[in-house]
Amino acid sequence: MFDRKPSSSQLTFTNEIGAGSKVLGNLEGNGNIRVLGHFAGDITEASESKATLVIDKDGVLTGDLHYTNLIVAGTIEGTITVDEKIEVYPSALIRGDIHYKSIDIHPNARVNGLLTCAVLDQSAHQPSDVIAFDLTKKIAS
């Protein structure tokens with residue numbers, strides 16, 4: 001399935017899009033899902049689910065996705081929103097913006113898009129201490 005075994009290799013899947021299959025439409029997933037074929041549409045996770053979406057090495061997703069965790073070894077063309085962690089493996093190709101909390105991009109993975117860290121966005125909205133420096137002109141005597 002992967003060039004390297006992912007840390008979550010012990011996942012059991014509630015749904016799989018099989019190799020050689022092409023699915024058109026949108027999907028709301030409840031549990032771990034693996035895409036081995038081609039999925040054209042948006043994939044979102046049910047609100048009560050805290051699961052992982054896996055785009056296998058030969059898997060292709062053309063559309064936007066929003067899931068708790070994501071493992072990418074295949075191809076994604078679309079906007080990605082991950083509430084927790086995304087792992088991008090060497091065989092991966094991503095064309096689209098990624099919004100994430102934690103990201104792990106392995107060497108040789110190809111990512112073309114804007115990366116936005118949710119943790120940094122949250123801290124940017126919190127007040128911080130500001131140190132004011134007064135500039136004074138030194139006069140020669």
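Just so we're clear, the structure is a prediction, and the values are computed from it rather than from any experiment.
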Visitor: Give me the atom names and distance for the closest heavy-atom approach of Glu45 to Ala51.
Guide: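 That closest heavy-atom pairing would be OE2-N, 2.6 Å.
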Visitor: Exactly one of Ile71, Asn108, Asp56 should register a side-chain contact (heavy atoms from CB on, under 4.5 Å) with Tyr89. Which one does?
Guide: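 That would be Ile71; it is the only one of Ile71, Asn108, Asp56 passing the side-chain contact (heavy atoms from CB on, under 4.5 Å) with Tyr89.
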Visitor: Less than 4.5 Å apart, any side-chain heavy atom of His38 and any of Thr62?
Guide: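 Of all side-chain heavy-atom pairs linking Thr62 with His38, at least one is under 4.5 Å.
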Visitor: For residues 97-115, which residue pairs pass the salt bridge (charged side-chain N to carboxylate O under 4.0 Å, His left out) check, not counting sequence neighbours?
Guide: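 Every pair satisfying salt bridge (charged side-chain N to carboxylate O under 4.0 Å, His left out) with a residue in residues 97-115: Glu84-Lys101.
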Visitor: Does Leu27 form a side chain to side chain contact (heavy atoms under 4.5 Å, CB included) with Phe39? I'd like the steps, not just the answer.
Guide: CA-CA 9 Å; Leu27 172 68; Phe39 189 94; 3.6 Å; yes
Visitor: So which heavy atom on Ile80 is nearest to which on Ile94, and how close?
Guide: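 What the structure gives for the nearest pair is CD1-CG2, 3.7 Å.
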Visitor: Under 4.5 Å between side-chain heavy atoms, hopping through other hydrophobics if needed: is there a path connecting Ile103 to Val72?
Guide: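 Yes; tracing contacts between hydrophobic side chains, which count when under 4.5 Å, links both residues.
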Visitor: So, applying side-chain contact (heavy atoms from CB on, under 4.5 Å) with Leu70, which one of Val54, Ile55, Thr52 is it?
Guide: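 Of Val54, Ile55, Thr52, side-chain contact (heavy atoms from CB on, under 4.5 Å) with Leu70 is met by Ile55 alone.
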Visitor: For a quick test of reading the model, state the closest non-hydrogen atom pair linking Tyr67 to Ile33 and the distance between them.
Guide: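 Minimum heavy-atom separation between Tyr67 and Ile33: OH-CD1, 3.3 Å.
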Visitor: I'd like to know if Tyr100 and Ile43 are part of one continuous hydrophobic network [Ile/Leu/Val/Met/Phe/Trp/Tyr, side-chain heavy atoms within less than 4.5 Å].
Guide: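 Yes, Ile43 and Tyr100 fall within the same hydrophobic cluster.
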Visitor: Out of curiosity, does Leu53 fall in the hydrophobic cluster containing Ile98 (side-chain heavy atoms, cut-off under 4.5 Å, transitive links)?
Guide: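 Linked, Ile98 and Leu53 end up in one cluster.
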Visitor: Please lay out, stage by stage, how Thr75 and Leu61 fare under the test side chain to side chain contact (heavy atoms under 4.5 Å, CB included).
Guide: CA-CA 6 Å; Thr75 301; Leu61 169 64; over 6 Å; no
Visitor: Over all heavy atoms of both residues, which pair between Ser91 and Ala73 is shortest? Give the atoms and the distance, please.
Guide: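 Here Ser91 and Ala73 meet closest at OG-O, 2.6 Å.
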Visitor: Side chain to side chain contact (heavy atoms under 4.5 Å, CB included) with Ala109: which residues, sequence neighbours excluded?
Guide: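 Testing Ala109 for side chain to side chain contact (heavy atoms under 4.5 Å, CB included), a comparison that skips the adjacent residues, returns Val88, Ile105.
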Visitor: Please lay out, stage by stage, how His66 and Asp83 fare under the test side-chain hydrogen bond (donor to acceptor under 3.5 Å, both in side chains).
Guide: CA-CA 8 Å; His66 186 170; Asp83 296 331; 2.9 Å; yes
Visitor: Shortest non-hydrogen contact from Ser49 to Gly31?
Guide: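 Looking at all heavy atoms of both residues, the closest pair is OG-N, 3.2 Å.
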Visitor: Could you check whether any side-chain N or O of Asn30 sits under 3.5 Å from a backbone N or O of Ala46, counting only pairs where one atom can act as donor and the other as acceptor?
Guide: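 No, Asn30 side chain to Ala46 backbone: no donor-acceptor pair under 3.5 Å.
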Visitor: Test of understanding: clusters of I, L, V, M, F, W, Y form through side-chain heavy atoms closer than 4.5 Å, transitively. Do Leu65 and Leu93 belong to the same one?
Guide: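 No, it is not one cluster - the side chains of Leu65 and Leu93 are not joined through contacts under 4.5 Å.
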Visitor: Heavy-atom distance under 4.5 Å between the side chains of Ile17 and Leu36, does that happen here?
Guide: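 Heavy-atom side-chain distance check fails, nothing below 4.5 Å.
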Visitor: Heavy-atom distance under 4.5 Å between the side chains of Leu115 and His99, does that happen here?
Guide: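 No. Closest side-chain heavy atoms not under 4.5 Å.
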Visitor: Is there any side-chain hydrogen bond (donor to acceptor under 3.5 Å, both in side chains) pair reaching into residues 12-29, and which pairs are they, with sequence neighbours excluded?
Guide: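 Counting only pairs at least two positions apart or across chains, the side-chain hydrogen bond (donor to acceptor under 3.5 Å, both in side chains) contacts touching residues 12-29 are Glu16-Arg34.
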